[in-house]
Amino acid sequence: MHKRLIAFSATASALLLTLGIATHAEAGMYRYTDETGQVVISNTIPQQATKRGYDILNSNGRVVEVIPPAPTEDEILAREAEKQRQAELAIQREKDAQLLKRFSHPDQAIRAMHRKLSELRGLIQLKRGNISVISSQLDSEQSRAANMERSGQKIPDATLDKIRRLESQIRDIEREISWQTQETDALIQSFEDDIKRLEKVTGETRTLSLDPDTTAD
């Protein structure tokens with residue numbers, strides 16, 4: 001009876017030991033290279049070793065997962081730069097697609113620029129004509145006020161108010177002309193950029209002049 005208990009106990013201990021080893025192996029083993037370049041297999045891995053990359057092994061010692069080394073600072077910067085470059089390329093492709101929806105040839109963009117410039121310059125010319133008309137009225141009111149002043153008469157408030165109003169109208173129109181002149185310059189630059197891009201994207205060269213005065217629509 002005593003021998004049976006001893007035998008059973010030994011068998012149970014061996015079984016428990018086997019189960020323990022199996023459980024431990026199934027929990028995962030790590031294979032990594034230490035600071036000296038030696039390959040180490042262990043159930044734990046130092047923090048510094050994880051940066052160099054390591055393998056995860058199963059209970060049979062086979063590699064079930066490979067953890068690559070942590071990227072260096074230069075690699076991180078290179079990846080970010082490449083990501084930024086790809087994002088910029090995607091934006092440019094979208095811009096090119098939108099541009100090609102508007103124009104299929106650089107000459108089409110040139111004609112559109114000429115039409116737009118003609119409209120803007122026509123508006124500016126119209127405003128300058130308005131300034132000419134208002135300036136004539138202003139000169140008349142100022143002349144009348146000067147004559148009153150020379151004759152010792154008091155200039156009516158209505159006349160002074162009209163003079164100030166006419167002066168204000170001229171200043172407002174001059175500001176509008178200044179804004180539209182700047183808009184014209186920006187428009188030309190924008191179209192010229194589009195035309196250059198169209199030449200590159202389509203492989204076609206413009207045949208029309210950028211100067212509207214030398215190109216017939």
Side-chain angles (χ1 to χ4, degrees), residues 28 30-35 37 39 45-58 62-131 171-217:
Y30 305 97
R31 182 171 64 192
Y32 62 91
T33 303
D34 65 14
E35 292 81 356
V39 176
I45 180 171
Q47 181 66 29
Q48 287 300 318
T50 62
K51 297 179 180 179
R52 294 190 291 271
Y54 57 94
D55 300 329
I56 299 177
L57 312 177
N58 64 11
R62 293 182 179 178
V63 176
V64 295
E65 186 175 359
V66 176
I67 307 299
T72 65
E73 185 175 346
D74 287 343
E75 289 173 335
I76 292 173
L77 291 175
R79 289 178 188 177
E80 290 299 320
E82 178 61 18
K83 188 186 298 183
Q84 179 66 24
R85 189 181 74 85
Q86 291 298 329
E88 290 172 356
L89 285 175
I91 293 172
Q92 186 61 61
R93 283 193 293 269
E94 178 60 25
K95 287 182 178 179
D96 289 344
Q98 294 301 320
L99 182 61
L100 289 170
K101 286 181 180 179
R102 294 164 55 206
F103 312 111
S104 60
H105 192 281
D107 285 349
Q108 288 184 337
I110 293 174
R111 291 190 180 94
M113 178 181 72
H114 291 172
R115 287 193 295 271
K116 190 64 177 177
L117 286 175
S118 178
E119 292 173 5
L120 284 172
R121 288 168 178 169
L123 287 173
I124 290 173
Q125 190 62 35
L126 180 63
K127 291 180 187 297
R128 284 177 176 154
N130 291 339
I131 288 179
R171 288 194 298 271
D172 288 345
I173 296 174
E174 286 176 340
R175 278 195 294 268
E176 290 175 5
I177 290 175
S178 177
W179 292 335
Q180 287 183 325
T181 300
Q182 293 176 17
E183 183 180 353
T184 299
D185 294 340
L187 177 74
I188 292 172
Q189 184 60 58
S190 177
F191 266 105
E192 287 183 353
D193 291 343
D194 285 347
I195 291 163
K196 288 178 182 177
R197 188 63 188 173
L198 280 166
E199 288 182 319
K200 183 174 182 179
V201 172
T202 64
E204 301 284 350
T205 303
R206 64 182 175 86
T207 63
L208 301 178
S209 171
L210 296 176
D211 183 358
D213 297 329
T214 61
T215 303
D217 252 347

J.: Using the test side-chain hydrogen bond (donor to acceptor under 3.5 Å, both in side chains), find all partners of Thr207 that sit at least two apart in sequence or belong to another chain.
T.: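 With neighbours one apart ignored, the set is Asp107.
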
J.: Would you please name every residue forming a salt bridge (Lys or Arg N to Asp or Glu O under 4.0 Å) with Arg175, sequence neighbours left out?
T.: Asp172

J.: Kindly compute the distance separating CD (Gln125) from CD1 (Ile177), expressed to the nearest 0.5 Å.
T.: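 If we round to the nearest 0.5 Å, Gln125:CD and Ile177:CD1 are 9.0 Å apart.
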
J.: Output yes when Glu82 and Arg79 qualify as a salt bridge under the 4.0 Å nitrogen-oxygen rule, no when they do not.
T.: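 No salt bridge links Glu82 with Arg79.
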
J.: Using the side-chain contact (heavy atoms from CB on, under 4.5 Å) rule, take Glu73 and Ile76 through it: C-alpha gap first, then chi angles, then the decisive distance, then the call.
T.: CA-CA 5 Å; Glu73 185 175 346; Ile76 292 173; 5.6 Å; no

J.: So, taking the atom named CZ in Arg171 and the one named CD in Glu176, what distance separates them when rounded to the nearest 0.5 Å?
T.: 13.5 Å

J.: Would you say the side-chain atoms of Thr202 pair up with the backbone N or O of Leu198, donor to acceptor, closer than 3.5 Å?
T.: yes

J.: Closer than 3.5 angstrom, by distance alone: can the side chain of Gln180 be matched with the main-chain N or O of Leu120 as a donor-acceptor pair?
T.: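 Here the side-chain-to-backbone pair does not exist.
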
J.: One pair to check against side-chain contact (heavy atoms from CB on, under 4.5 Å): Tyr30 and Ile56. What are the steps and the verdict?
T.: CA-CA 5 Å; Tyr30 305 97; Ile56 299 177; 4.2 Å; yes

J.: Name the orientation class of the two ring planes belonging to Phe191 and Phe103 (parallel below 30°, tilted from 30 to 60°, perpendicular beyond 60°).
T.: tilted

J.: Which heavy atom in Arg206 sits nearest to a heavy atom in Leu208, and how many Å separate them?
T.: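 Taking every non-hydrogen atom into account, NH1-O, 3.0 Å.
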
J.: If I take atom CD1 from residue Ile173 and atom CZ from residue Arg128, how far apart are they, to the nearest 0.5 angstrom?
T.: 12.0 Å

J.: If every non-hydrogen atom of Gln108 is compared with every non-hydrogen atom of Arg102, which pair is closest and at what distance?
T.: OE1-O, 4.3 Å

J.: Do the side chains of Lys95 and Leu99 get nearer than 4.5 Å, heavy atoms only?
T.: no

J.: Do Asp194 and Arg197 have side-chain heavy atoms sitting under 4.5 Å apart?
T.: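 No, their side chains stay 4.5 Å or more apart.
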
J.: Would you give the length of the straight line joining atom CD of Gln48 to atom CG of Asp34, rounded to the nearest 0.5 angstrom?
T.: 12.5 Å

J.: Could you pull out the closest heavy-atom pair between Ser209 and Ile110, with the gap in Å?
T.: O-CG2, 3.4 Å

J.: Can you tell me how far CZ of Arg121 sits from OG1 of Thr181, rounded to the nearest 0.5 angstrom?
T.: 9.5 Å

J.: Can you name the closest pair of heavy atoms from Leu57 and Arg31 and give their distance?
T.: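 Shortest heavy-atom separation between Leu57 and Arg31 comes out as CD1-CB, 4.1 Å.
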
J.: How many angstroms lie between atom NZ of Lys51 and atom OG1 of Thr72, to the nearest 0.5 angstrom?
T.: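 One gets 12.5 Å once the value is rounded to the nearest 0.5 Å.
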
J.: Determine whether a donor-acceptor pair (N or O, by modelled atom type, separation under 3.5 Å) exists between the side chain of Arg52 and the backbone of Tyr32.
T.: no

J.: State whether the side chain of Ser178 and the backbone N or O of Glu174 hold a donor-acceptor pair below 3.5 Å, judged by distance alone.
T.: no

J.: Using a 3.5 Å distance criterion without hydrogens, assess whether the side chain of Ser118 forms a donor-acceptor pair with backbone atoms of His114.
T.: no

J.: Is it the case that the side chains of Asp96 and Gln92 hold a donor-acceptor pair, with the cut-off being a distance below 3.5 Å and no angle test?
T.: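 A pair is found: one side chain offers a donor N or O, the other an acceptor, under 3.5 Å apart.
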
J.: Please identify each residue that fulfils salt bridge (Lys or Arg N to Asp or Glu O under 4.0 Å) with Lys83, with sequence neighbours left out.
T.: Glu80

J.: What do the steps show when you test Asp185 against Gln189 for side-chain hydrogen bond (donor to acceptor under 3.5 Å, both in side chains), and what is the final call?
T.: CA-CA 6 Å; Asp185 294 340; Gln189 184 60 58; over 6 Å; no

